[in-house]
Protein chains: 2
Amino acid sequence: MNDSPDVTERLLAVAADLFAREGFDAVSVRDITSRAKANLGAVTYHFGSKEALFHAVIERVGAGFADRFASLAAQPGTPLERIAAIVTMVLTERDLPAPTMILRELATDRPLPAPLVRLMRRNLETMAGLIREGQHDGSISKGEPGLLAMSVMAQPFLLRVGSRIPLDVAGVDRADPKTQQRLVKHVVGIIHRSLSTHPQGRS
Amino acid sequence: MNDSPDVTERLLAVAADLFAREGFDAVSVRDITSRAKANLGAVTYHFGSKEALFHAVIERVGAGFADRFASLAAQPGTPLERIAAIVTMVLTERDLPAPTMILRELATDRPLPAPLVRLMRRNLETMAGLIREGQHDGSISKGEPGLLAMSVMAQPFLLRVGSRIPLDVAGVDRADPKTQQRLVKHVVGIIHRSLSTHPQGRS
DNA sequence: GACATATTCATACATACGTATGAATGATTC
DNA sequence: GAATCATTCATACGTATGTATGAATATGTC
């Protein structure tokens, strides 16, 4: 009678969607349970509390994100190519709640949820590893890999949410695939200039 | 008997601090009025509603930010030098609530407060202007000024909040002034590599 | 089919929220 | 100094929140 997957699964899916879009505070347990066609008590019963559900969501969403991340990092190709692939993924992938959630949590003084910290460290470590690799083979210029990793990730993270600004300035319209391509080209270009020892700048 | 400035002022100051640190949802009217040593009704009376107060806060915080921004942009020096000055300011300035508030609002699907959109457009337009200037005199490489402006601002915005991540990876500890300097040097370096037609990369 | 366990469900509880209200006090004007 | 206005104050209202409770039902086990 309910939607196919079991309650825990439905709650996780709905909660992931809502938390990513609205933030923890703006989403009520009633929002989640009603959309998941579950009883109000279901969150308490299956997860213990709203916050525990939130952490479970981060864990799951983060796992998906980190897997995409790591799998692209393990692909064949030069370090720079793999970095570009990751950045493109983070910038363009639909239904990628992780970056938004990370940004929102970072933009608070309240303590960061532990699973979120783990997620960020893991991904930054992956990125820093690629950068170190490139530095060893001479294709990536010197600099602290950790800081460079943050600078690299800053691009797709910010341009992703930044496309919400109605900008004559940048003329960004996320829906349009042409614009999408232009964005990717721009960001990959910036990454190249930032990292490469042989920047192919055209001016 | 109250703190010196008048109620409206105290409410604005306290609200700016709290909203910046915790976010709109996490701050209650009671939090604000009690800390401002004002009556519970004061927000309604002086501003009309909590949301109106929020918008007033954005307006004020944004005005301060935009002024710092514009004043640094109008300083003497090459476009790149002025861009570096702005970026350093955004990265290091204490009590600069605007970047955090902007990031948090961007990381939501809910409509952006109008004053915040105005603020972002104004600052990005200023930055894009500097970039155009540098492109005309040949010191800054080609590319859409609007997109480049976003990429430039992404650095201090993200590294600012990013310093909350306990990172062995990056070894960032905001308190330490040595680290602060290292951060500034890094970010200015990245900006140079991203924009300059004569990158002074040391490798 | 009886029992035990797991899950669902409706409802209750205590608390917190934003805002409204109306009386009390303060300041200003003539 | 009476009258008018602006502000402060305590309190009330309605609603929403997260969680707890205990009965009802489903599921699994022997």
Side-chain angles (χ1 to χ4, degrees), chain A residues 1-59 101 104-105 108-111 113-116, chain B residues 1-59 101 104-105 108-111 113-116:
Chain A
M1 183 199 298
N2 280 327
D3 286 337
S4 27
D6 75 326
V7 193
T8 307
E9 176 55 36
R10 273 180 288 145
L11 286 175
L12 272 172
V14 169
D17 182 51
L18 289 181
F19 282 146
R21 291 220 312 265
E22 319 265 358
F24 182 79
D25 291 326
V27 175
S28 72
V29 173
R30 284 167 178 81
D31 288 340
I32 297 168
T33 51
S34 71
R35 273 184 231 230
K37 285 177 185 149
N39 186 267
L40 172 57
V43 165
T44 305
Y45 181 77
H46 288 280
F47 294 91
S49 71
K50 181 190 177 189
E51 196 176 7
L53 169 58
F54 182 51
H55 285 200
V57 163
I58 294 176
E59 206 85 61
M101 297 181 72
R104 190 174 24 231
E105 293 302 319
T108 302
D109 260 13
R110 289 179 295 177
L116 206 76
Chain B
M1 182 198 297
N2 281 330
D3 287 336
S4 30
D6 75 325
V7 194
T8 306
E9 176 54 36
R10 272 181 289 144
L11 287 175
L12 272 173
V14 169
D17 182 50
L18 290 182
F19 282 146
R21 291 219 312 265
E22 319 265 357
F24 182 80
D25 290 325
V27 176
S28 72
V29 173
R30 285 166 178 83
D31 288 340
I32 298 168
T33 51
S34 71
R35 272 183 229 231
K37 283 175 185 150
N39 187 267
L40 172 59
V43 164
T44 304
Y45 181 75
H46 289 281
F47 294 91
S49 71
K50 182 190 176 189
E51 196 177 6
L53 168 59
F54 182 51
H55 285 199
V57 163
I58 294 177
E59 205 85 61
M101 296 180 73
R104 189 174 24 234
E105 292 303 318
T108 303
D109 260 14
R110 288 179 295 178
L116 206 76

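Chain letters run A, B, ... following the sequence lines, proteins first, then strands; residues in each count from 1.
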Could you tell me if K50(B) sits above the aromatic ring of F19(B), with its cationic atom closer than 6.0 Å to the ring centre and no more than 45 degrees from the axis?
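The answer is no; the distance or angle limit is not met.
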Interface residues of residues 41-51 of chain A with DNA chain D (non-hydrogen, below 4.0 angstrom)
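Listed by number, they are T44(A), S49(A), K50(A).
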With sequence neighbours excluded, residues passing salt bridge (Lys or Arg N to Asp or Glu O under 4.0 Å) with R21(A)
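By the salt bridge (Lys or Arg N to Asp or Glu O under 4.0 Å) rule, R21(A) matches D17(A), D109(B).
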Applying salt bridge (Lys or Arg N to Asp or Glu O under 4.0 Å), can you list everything that pairs with E9(A), at least two apart in sequence or on another chain?
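For E9(A) the salt bridge (Lys or Arg N to Asp or Glu O under 4.0 Å) partners, ignoring immediate neighbours, are R60(A).
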Residue-phosphate contact under 4.0 Å: S28(A) side-chain N/O, dA16(D) OP1/OP2
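So the side chain of S28(A) is outside the cut-off, no N or O lying under 4.0 Å from OP1 or OP2 of dA16(D).
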Would you tabulate the side-chain donor-acceptor contacts of residues 27-34 of chain A under 3.5 Å, counting partners in other chains and residues two or more places apart, or write 'none'?
| unit_1 | atom_1 | unit_2 | atom_2 | d |
| --- | --- | --- | --- | --- |
| S28(A) | OG | R30(A) | N | 3.4 |
| S28(A) | OG | D31(A) | N | 3.0 |
| S28(A) | OG | D31(A) | OD1 | 3.4 |
| S28(A) | OG | D31(A) | OD2 | 3.3 |
| D31(A) | OD2 | S28(A) | N | 3.1 |
| T33(A) | OG1 | V29(A) | O | 2.9 |
| T33(A) | OG1 | R30(A) | O | 3.4 |
| S34(A) | OG | R30(A) | O | 3.0 |
| S34(A) | OG | D31(A) | O | 3.2 |

With sequence neighbours left out, write down each residue that passes side-chain contact (heavy atoms from CB on, under 4.5 Å) with [X], or none if nothing qualifies.
| X | answer |
| --- | --- |
| A42(A) | V7(A), L11(A), A38(A), H46(A) |
| E105(B) | F54(B), L112(B), P113(B), L116(B) |
| N39(A) | none |
| A114(A) | R118(A) |

Return the value, rounded to whole Å, for the distance between atom [atom1] of [X] and atom [atom2] of [N].
| X | N | atom1 | atom2 | value |
| --- | --- | --- | --- | --- |
| L53(A) | dT17(D) | CG | C1' | 16 Å |
| L40(A) | dT8(C) | CG | P | 13 Å |
| R30(B) | dT15(C) | CZ | C1' | 11 Å |
| D6(A) | dG28(D) | CG | P | 12 Å |
| D31(A) | dA16(D) | CG | P | 11 Å |
| N39(B) | dC9(D) | CG | P | 6 Å |

What parts of residues 17-26 of chain B reach DNA chain C, counting only heavy atoms under 4.0 Å away?
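Close to the strand, none.
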